[in-house]
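For reference, the structure discussed in these notes is given below.
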Amino acid sequence: MKNDDSLYCKYVDDLFKYGISLGFGRESCEDAIHDVYLHLYSERIADTLRDVRDVKAYLFRSVKNRLIDLQKRENIVIYTDGIEELPFKIDFTVLDSIIAKEKAAILKAKIDRLLSMLTPRQREAVYLRYIQELEYEQIAQVLDMEVESVRKLVHRGLEKLRKEADPELFMVLIGALFAFRV
């Protein structure tokens, strides 16, 4: 790469949001991101990333793994059922600017209720697919799953949302997912 700093600038915000969505604190996310980039720079980025097919997926997975390592080191337990059950959360504050505050609060509660019906893994996959715009192959790398399993995970999550929500609410949710990434 010609400008190593551009790799950091390009992905740091998305990596931070992802770490927060996994349920980790601000400082832990910053530490994990800096640790990953420090490793890349100390190992000379070009050498480290030479065999990496997808840099974005590699960075997401590296940050997630580093967060888990930091959590283990500090003996902080935020999940009990293994890596598949990290308490992934998506916060839709963008709705506050679109709808009047009282309607936004009601709508946000309905969306939160709907999203809570998904497994943490489904929420994470939907977040990576629709908010971070990762391809299924990239999500498979991040989640350490087969591509077809990721497709089924996202599909089943959306089907569960579609069945539970009235059509209007489902369309608002889908619109929010796409508006969130703007």
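These values consider heavy atoms only, across backbone and side chains, with no hydrogens, waters or symmetry-generated copies.
By the side-chain contact (heavy atoms from CB on, under 4.5 Å) test, Glu30 pairs with Phe16, Arg26, His34, sequence neighbours left out. Not counting sequence neighbours, the partners of Arg66 by the side-chain contact (heavy atoms from CB on, under 4.5 Å) test are Ala32, Asp35, Val36, Asp69, Leu70, Arg73. Applying the side-chain contact (heavy atoms from CB on, under 4.5 Å) criterion to Gln141, with sequence neighbours excluded, gives Arg53, Asp54, Ala57. With sequence neighbours excluded, the residues that form a salt bridge (charged side-chain N to carboxylate O under 4.0 Å, His left out) with Glu159 are Arg162.
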From CA spacing to verdict: side chain to side chain contact (heavy atoms under 4.5 Å, CB included), Val154, Gln122: CA-CA 6 Å; Val154 171; Gln122 286 173 328; over 6 Å; no
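Proximity of Gln132 to Phe60: side-chain heavy atoms (C-beta onward) are separated by under 4.5 Å at one or more points. Taking the side chain as every heavy atom from C-beta outward, Asp14 and Lys56 approach each other to under 4.5 Å. No side-chain heavy atom of Tyr11 sits less than 4.5 Å from a side-chain heavy atom of Ile33. Arg129 has its side chain out of reach of Leu134: every pair of non-hydrogen atoms, C-beta onward, lies at least 4.5 Å apart. Contact check for Leu7 versus Leu59: side-chain heavy atoms found under the 4.5 Å cut-off. Contact annotation: the side chain of Tyr58 approaches that of Leu40 to within less than 4.5 Å [non-hydrogen atoms, C-beta and beyond]. For the pair Val126 and Leu161, the minimum side-chain heavy-atom distance is 4.5 Å or more. In this structure, the side chains of Leu118 and Lys160 come closer than 4.5 Å at one or more pairs of heavy atoms.
Classification of Lys64 and Glu124 as a salt-bridged pair holds, one side-chain N sitting under 4.0 Å from a carboxylate O.
Within the structure, salt bridge (Lys or Arg N to Asp or Glu O under 4.0 Å) pairs that include any residue of residues 145-154 comprise Glu137-Arg151 (at least two apart or interchain).
With rounding to the nearest 0.5 angstrom, the OG atom of Ser116 is 7.0 Å from the CZ atom of Arg123. Note: His39 NE2 to Ser62 OG = 7.5 Å, rounded to the nearest 0.5 Å.
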